[in-house]
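Below, chains carry the letters A, B, ... as their sequence lines are ordered, and counting in each starts from 1.
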Protein chains: 2
Amino acid sequence: MVNRSDTKTRILDAAEKLFAERGFSETSLRLITSKAEVNLASVNYHFGSKKELIRAVLARYLDVFMPAASSEIVSLQSSNKDASLNDIFSTLVKPLLDLNQLRSEGTRTFLQLLGRGYIESHGHLMWFITTHYGDHLTQFVKAVVDSAPHIPPAEMFWRLHFTLGTVVFTMASADALTEIAAADFGEHNDIEAVIRKVIPYISAGVAVPVTA
Amino acid sequence: MVNRSDTKTRILDAAEKLFAERGFSETSLRLITSKAEVNLASVNYHFGSKKELIRAVLARYLDVFMPAASSEIVSLQSSNKDASLNDIFSTLVKPLLDLNQLRSEGTRTFLQLLGRGYIESHGHLMWFITTHYGDHLTQFVKAVVDSAPHIPPAEMFWRLHFTLGTVVFTMASADALTEIAAADFGEHNDIEAVIRKVIPYISAGVAVPVTA
DNA sequence: GTTTAATTTAAACGAGTGTTTAAAATAGAG
DNA sequence: CTCTATTTTAAACACTCGTTTAAATTAAAC
């Protein structure tokens, strides 16, 4: 018989993998509970509903990542007052990769969850993040704005949303893309390679001079 | 009683709007047929299955857009042998905006459908596009690769997908973003203005030198 | 006008969904 | 051990889904 005390953890572990791979609405509670080897009703017993399970899955990552990212930005700003955009975006790499120590494939799972959530939640995920982690978020945006003073605020608004789209879309389809890249170019990229590929791209886009 | 001869068109019109707004799997045939004011079974009668309806919705746009984009690229290359990345991407603006003449909100609908399809179809959309419009696609990719010869093909693969994410995500949330931009910065942008903002961003990202 | 083909319609099918219930099993406290 | 509270379990509920069927209706052919 299954050790009772870790039923919640077994559900979260199975759910986050399936959510990241297949999306939220495409993942049934029966699939989650069968993979977690727990009873179907235990999800509603421990989490109340599927929606609250989704929030719990996201919060388990965000509670680790957001403070870690904040701390990295603070230490960058204290050591380098003229940090480049590349530096700013690069500070996120370590907190992201540290998620692999938290759980196997943690980085890829977290980014895919973010992408899925952003696309599927009709803005609810953004609301969830801004209300729960708003201070960390504005701190990061301010660091970006300060390091690209030649971009007017209105233009920067658009470019940061372009960047969000790049990251979210790429991560949501990261599995399919890495498969194609392996088949067509013999490249075997892990999630870290993709992250390091996207940073120069978004840095260049955000910083490119505004054409008249 | 409804004019029989346009049942297929009524279904396609209702389906593409709902698919773009809510995604494919989140849109039921009952919702489509009720909005189209046709009988539920007529979808299976005219299209065979939901999957084939999705393909028909996409094909109706791709059949117009792909040849138009190809023709624009050909005429650019014949008039300018050293076209910049900005020029290449800018050739897509007219074919995209012309979709608004095809159907109301055609441009945004098409881009949203592309995004939904890429995310939901587990690579099936990419197979569909490459097998049905492969020539147009490789022609465009070749034009991009030729105008940025310092980027290796494998790297370009990733950057073009970053670009796809940027465009698709931006257009999907263009309504909300233009509203926020108007409220926060007094900017009043239509779809065309957003497209023209994004082109310098993606051109810079695609062309940025690869770091060792 | 009659006959044939194409289309529309209402109804049902079988499978899958999240959630709830009440009984059974287990764990912890006295 | 006994009693209580927590947790697990099997079963059912109410609902939605894509699809199919067969009859009714409309359109086309002769």
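With respect to K17(B) and E21(B), no salt bridge is recorded, no charged nitrogen being found less than 4.0 Å from a carboxylate O. Ion pair D190(A)/R108(A) not flagged as a salt bridge, since none of the NZ, NE, NH1 or NH2 atoms sits closer than 4.0 Å to an Asp/Glu carboxylate oxygen.
L18(A) places its CG atom 12 Å from the P atom of dG18(C), with the value rounded to the nearest Å. The CG atom of N44(A) sits 15 Å away from the P atom of dT9(D) (whole-angstrom rounding). Rounding to whole angstrom units, CG of residue D6(B) and P of dT26(D) are separated by 16 Å. Rounding to whole angstrom units, CZ of residue R30(B) and C1' of dA10(C) are separated by 12 Å. Atom CG in L29(A) sits about 13 Å away from atom C1' in dT20(C), given to the nearest Å. Atom P of nucleotide dT9(C) and atom CD1 of I11(B) are separated by 10 Å, given to the nearest angstrom. Rounded to an integer number of Å, the gap from R22(A) CZ to dG16(C) C1' is 13 Å. In this structure, the CD1 atom of I32(A) is 8 Å from the P atom of dG18(C), given to the nearest Å.
Judged by closest nucleotide on DNA chain D, A41(A) is the one of E26(B) and A41(A) placed further toward the 5' end. Mapped onto DNA chain C by nearest heavy atom, Y45(A) and S28(A) fall at different nucleotides, with S28(A) at the one closer to the 5' end.
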Convert the base pairs of DNA chain C into dot-bracket notation, remembering that pairs crossing earlier ones are written with [ ] and that bases paired across to another strand are shown as |; include only Watson-Crick or G-U pairs under 3.5 Å.
||||||||||||||||||||||||||||||
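In this structure, W158(A) has its ring center at least 6.0 angstrom away from the ring center of H161(A). In this structure, F169(B) has its ring center no closer than 6.0 Å to that of F169(A). Checked against a 6.0 Å centroid threshold, the rings of H136(A) and F140(A) do not count as neighbours.
Contacts with DNA chain D (heavy atom under 4.0 Å) in residues 48-60 of chain B: S49(B), K50(B), listed by number.
Phosphate contact (OP1/OP2 of dT8(D), side-chain N/O of H46(A), threshold under 4.0 Å): present. Phosphate proximity of dT7(C) to S42(B): absent, as no side-chain N or O sits under 4.0 Å from OP1 or OP2.
Residue contacts for S25(B): at a heavy-atom cut-off of 4.0 Å it reaches no nucleic acid atom on any strand shown. Within the nucleic acid shown, T33(A) has no heavy atom closer than 4.0 Å to any nucleic acid atom.
Figure legend: R60(B) and F65(B) shown without cation-pi pairing, the cationic atom not lying both under 6.0 angstrom from the six-membered ring centre and within 45 degrees of its axis.
Screening L58(B), I32(B), T109(B) against F19(B) for a side-chain contact (heavy atoms from CB on, under 4.5 Å) leaves a single residue, I32(B).
Without hydrogens or angle criteria, N100(B) side chain to G106(B) main chain gives a donor-acceptor distance under 3.5 Å.
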side-chain contact (heavy atoms from CB on, under 4.5 Å) between T166(A) and Y201(B): does it pass, once the steps are laid out?
CA-CA 11 Å; T166(A) 307; Y201(B) 177 94; 3.9 Å; yes
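For F47(A), the ring pair (Phe, Tyr, Trp, His ring centres under 6.0 Å) criterion is met by no residue, not counting sequence neighbours.
With dA11(C), dT9(D), dT17(C) as the choices, the nucleotide that has an atom nearest any side-chain atom of N39(A) turns out to be dT9(D).
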